[in-house]
Novice: 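Structure incoming, see below.
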Amino acid sequence: MLTIGEFAARTRLSAKALRLYDRQGMLTPAYVDDVTGYRYYRADQTERARLVALLRQLDMPLARIAEVVELEGEQAAHEVAAYWAAVEARLAGQRTLVDYLRAHLSGRSSELYGKFEIETVDVPEQWVLAQRRHVLADEIPVWIGASLGRLEEAARGCGGVTGAPFVVYYAEVSMESDGPAEACVPVADGGAAQAWAAGQGRAWETQARLEPARRLVYTRISKAQVANPQIHAAFDAVEAWVAREGLEVAGPCREVYFADWDAAGPEDPVCDVAFPVS
C-alpha cells in the first residue's frame, strides 16, 4: 500500500488532484483510515491514475473520463476517438470563425471573399416538397436536419428524391429575426407530391410546389464553414461577385446540401451557398 504522497510521486499527480478524482469516483483509494482519514493506494492503481492524467491532457471533462476508465480495450479507444473527433470539429469551426472575425474587424472583408471560388449553374424546373417555418439562428441546425429528414422520407412515395435538398431564406435569420426559412426536397412525381401534401402534409405544414428553373451563383463550403456567423462570409462573397459581374439577384438566397452531413468531416465540402440571378 502507498500513501497518497507516495502514490502522487509515482503517478506524477498532485495530492489535490487525487482527492478530486476520488470525489468524482474515477480513482478511489484502496483504503482510508477511519481514524486519521489518510488515503492509501495499491501499486496496481498506478496505470489507471496515469490514464486519467493523460485524458486530462486532452481537456476531457471529468465526467467523461469517469466513463472512459470504466470501459475495456476497444470500447475505451472508441470513446476517446469519438471525443477527439468532436474536438477537431469544434476547432475547425473556430478556425473559420477566427478568419471571419479578423477580416471583419480589420475592414479587410474583401480579402476573405477572395478565398471563395464562385461558380454558376443552371437548375431546371422541379417539383419540391417544402416546409416553411419561422426559426431563429440557434434553432436552424436542428430544424434543417429534422425537416429535410421528414421530407426525404415522404419523397419515397412521390417517385423518390431527384436532386440535392436545399433551404431557402425569405428574410434574415438571426437571434432577433426568424425568417421565415423553407426546407425543400426535389421529387420525381409532382402529382403524387401534391396528393401527399393535401393529405398527410397538412400535419407538417408541408406543401408541394413547382420550383421554377433558375440560374444560381454559388460557392461551395465545408462543414465547419456552415456554422453561424462564418457562413455569412460565404454569402457576402457570392453577393459581392454578383454585383461585380453586373448581375441582379432574382430571389432569396439558399443553402444546397449535397453531402451526407453525418458522415462528413469538418473540412469536407457539404453545402453550396447560392443566390438566384438574372
Side-chain angles (χ1 to χ4, degrees), residues 118-137 139-173 177-223 225-226 231 234-235 238-239 241-242 247-264 268-278:
I118 310 298
E119 299 186 49
T120 62
V121 62
D122 290 316
V123 180
E125 179 181 86
Q126 56 188 343
W127 278 96
V128 298
L129 285 174
Q131 183 184 51
R132 187 179 298 199
R133 286 288 175 84
H134 287 274
V135 287
L136 296 173
E139 301 168 333
I140 276 287
V142 172
W143 175 75
I144 287 177
S147 183
L148 291 181
R150 288 193 294 265
L151 294 174
E152 287 174 339
E153 182 179 349
R156 296 193 185 102
C158 305
V161 177
T162 58
F166 57 95
V167 178
V168 180
Y169 295 96
Y170 291 96
E172 179 185 359
V173 173
S177 178
D178 62 356
E182 183 182 50
C184 302
V185 171
V187 297
D189 190 334
Q194 289 175 293
W196 184 90
Q200 300 179 60
R202 291 181 178 179
W204 294 354
E205 300 177 3
T206 302
Q207 63 169 329
R209 65 175 180 81
L210 187 61
E211 171 78 0
R214 298 182 185 276
R215 168 162 289 187
L216 298 180
V217 175
Y218 71 94
T219 189
R220 185 153 291 184
I221 61 175
S222 68
K223 187 174 182 178
Q225 290 173 309
V226 172
I231 196 171
F235 277 115
V238 175
E239 209 165 14
W241 187 92
V242 169
L247 302 174
E248 291 187 8
V249 172
C253 61
R254 60 196 59 206
E255 298 163 6
V256 183
Y257 290 93
F258 56 83
D260 184 337
W261 180 269
D262 293 329
D268 293 332
V270 296
C271 174
D272 290 337
V273 167
F275 282 87
V277 296
S278 60

Novice: Under the criterion side-chain contact (heavy atoms from CB on, under 4.5 Å), I'd like the reasoning laid out for W127 against D189: C-alpha separation, chi angles, the key distance, then a yes or no.
Specialist: CA-CA 7 Å; W127 278 96; D189 190 334; over 6 Å; no
Novice: Say you draw a straight line from CG of L151 to OG1 of T206; how long is it, rounded to the nearest 0.5 Å?
Specialist: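 Here the rounded value is 5.5 Å.
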Novice: Where do P269 and A259 come nearest, in terms of heavy atoms and distance?
Specialist: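 The pair with the smallest heavy-atom distance is O-CB, 3.8 Å.
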Novice: State which residue, out of R254, R209, R133, fulfils the salt bridge (charged side-chain N to carboxylate O under 4.0 Å, His left out) condition with E182.
Specialist: R209
Novice: At their closest point, which heavy atom of V135 faces which heavy atom of V173, and how far apart are they?
Specialist: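 For V135 versus V173, the nearest heavy atoms are O-CG1, 3.5 Å.
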Novice: List the atom of A234, the atom of I221, and the distance in Å for their closest heavy-atom pair.
Specialist: CB-CG2, 3.8 Å
Novice: Using a cut-off of 6.0 Å, state whether more than 12 heavy atoms not belonging to R215 lie near its atom CZ.
Specialist: no
Novice: For S147 and A183, indicate whether the former's side chain and the latter's backbone hold a donor-acceptor pair under 3.5 Å.
Specialist: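 No: the side chain of S147 does not pair with the backbone of A183.
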Novice: Locate the shortest heavy-atom distance separating A193 from C158; write the atom from each residue and the value.
Specialist: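 Minimum heavy-atom separation between A193 and C158: CA-SG, 3.6 Å.
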Novice: Just how far is it from atom CG of L129 to atom CD of Q194, taken to the nearest 0.5 Å?
Specialist: 10.0 Å
Novice: Looking only at heavy atoms, which two atoms of C271 and E255 are closest? And how far apart?
Specialist: SG-CB, 3.7 Å
Novice: Can you name the closest pair of heavy atoms from C253 and F275 and give their distance?
Specialist: CB-CE2, 3.5 Å
Novice: Kindly compute the distance separating CG (L136) from CG (D178), expressed to the nearest 0.5 Å.
Specialist: 5.5 Å
Novice: Sort out for me which residue in L216, V128, L148, V185 forms a side chain to side chain contact (heavy atoms under 4.5 Å, CB included) with F166.
Specialist: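 Per the side chain to side chain contact (heavy atoms under 4.5 Å, CB included) rule, the option paired with F166 is V128, out of L216, V128, L148, V185.
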Novice: Out of curiosity, E125 CD to R214 CZ, how far, rounded to the nearest 0.5 Å?
Specialist: 11.0 Å
Novice: Any chance you could measure Q225, atom CD, to I231, atom CD1, to the nearest 0.5 Å?
Specialist: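 Answer for the CD-CD1 pair, Q225 versus I231, is 9.0 Å.
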Novice: To the closest 0.5 Å, what do you measure between NE2 (H134) and CH2 (W143)?
Specialist: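 If we round to the nearest 0.5 Å, H134:NE2 and W143:CH2 are 11.0 Å apart.
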Novice: Below 4.5 Å, heavy atoms only, C-beta onward: do V277 and W241 meet side chain to side chain?
Specialist: no
